[in-house]
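To start, the structure under review is shown below, and the notes come after it.
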Amino acid sequence: MLIRFDGILELEGMLLGGQAFRWRFEDGWFHNVLFNNFVSARQVDKGVEFACGPDDESVIAPLFRDYLRLDDDLVAIGKTISKGEQISAAVSKYQGLRILRQEPWECLVSFICSANSNIPRISTNVEDMARNFGHALEMNGHVRSAFPTPDELADAGEQKLRDLGLGFRAKYVAAAAVCIARGDVDLFSLREASYDEALEELIGLAGIGDKVGNCILLFALDKRQAFPVDVWIERAIKEWYPEVVEQKLTRKAMRPWAQEFFGTYAGYANQYLFHGRRLQGKD
DNA sequence: AGCCAGGCCCTCC
DNA sequence: GGAGGGCCTGGC
């Protein structure tokens, strides 16, 4: 079915740009498992063509629309964050690049796995967890698994996660799974909580520090002021905002600086800085 | 072959 | 309180 949309949209950058790790591009479509469904999507003139199963498209399409945040007014947001030559260029170059609204648990595990790692490896880790511990879906001869629930990963345990190649992150994922399965932390309620409160809750989990916590807040928990500072963001800020270097701001101090500087939608600024710097020189 | 990755934790100062 | 080393493993 068609999800009608006439605003700006850059689906490829959103799905394959390092926000999420299970999207695959094949035969002109992007494929993933979301909301316990096979989901396929592609960008067309009038919006997004969408297919899913086993559930009805009419049920999943609204969820997928929210996932893509089509209601964010990117023109207005772009204006508020275009503070500086390079980010303005990136806003214009990657026009329509939106922050995803991911499923919180999968997002949390993905970014725990991101520590001292790289995108190809994170993708492998996340896909391996799904294949080994998630429940399988089958459709038209294709088999792929849902991302495992907290219970399923808690049952798997640290050793089996290590066997998949998660390394020292296995302990953190296993502990987080137990914690969420027990209900110690309710991720969905953090969507309603304040930024500060939600960040504090997340950092209470082992393996989640300021950077990873801000990724989860931004990509899954509706905190568009979140501003994860990784090596790419640090490079971009130091090169493009010399005042930060002059003030000798440490990496830790860059987050509050950026949140003040870019404002309510600092998270969007983050995404454009990230793309702009990481893809510098590539076309 | 060897370096380093989209950090975090722990220790020690 | 903050700076520095160690950590699993696999891409490149």
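Below, chain A is the first sequence line, B the second, and so on; all start at residue 1.
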Which nucleotide sits closest to the side chain of [X]: [options]?
{"X": "A:Trp232", "options": "B:dG6, C:dC12, C:dC7", "result": "B:dG6"}
{"X": "A:Thr124", "options": "C:dA3, C:dG11, B:dG6", "result": "C:dG11"}
{"X": "A:Asn118", "options": "C:dT9, B:dG6, C:dA3", "result": "B:dG6"}

Once you measure the plane-to-plane angle for A:Phe274 and A:Trp232, does it fall in the parallel (<30°), tilted (30-60°) or perpendicular (>60°) bin?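 Judged by the thresholds at 30° and 60°, the geometry between A:Phe274 and A:Trp232 is perpendicular.
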
Look at the side chain of A:Arg162 and the base of C:dC8, then say whether one donor and one acceptor between them are separated by less than 3.5 Å.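 Check fails, no donor-acceptor contact within cut-off.
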
Would you state whether a donor and an acceptor, one from the side chain of A:Arg121 and one from the base of C:dC8, lie under 3.5 Å apart?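 Counting by modelled atom types and ignoring angles, a donor-acceptor contact under 3.5 Å is found here.
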
Heavy-atom count around A:Glu200 CD within 6.0 Å, excluding the residue itself: above 12?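 Not more than 12 within 6.0 Å, no.
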
Which range-with-range stems can be found for DNA chain B when each stem has 3 or more Watson-Crick or G-U pairs in a row and both distances sit under 3.5 Å?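 Stems found: B:2-5 with C:9-12, B:7-13 with C:1-7.
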
A:Lys83 NZ/CZ over A:Phe261 ring centroid, <6.0 Å and within 45° of normal: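 Pair A:Lys83/A:Phe261 counts as cation-pi.
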
Kindly say whether A:Gly84 contributes a backbone atom to a donor-acceptor pair with the side chain of A:Tyr241 at under 3.5 angstrom?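 Not a single qualifying donor-acceptor pair exists.
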
Whole-angstrom distance between B:dG6 and C:dG2, as gauged at atom C1':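 Roughly 23 Å separates the two C1' atoms.
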
C:dG6 versus B:dC4 - spacing of their C1' atoms, nearest Å: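 Those two atoms are separated by 14 Å.
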
Under 4.0 Å between a side-chain N or O of A:Arg251 and OP1 or OP2 of B:dG7?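 Indeed, a polar side-chain atom of A:Arg251 lies that close.
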
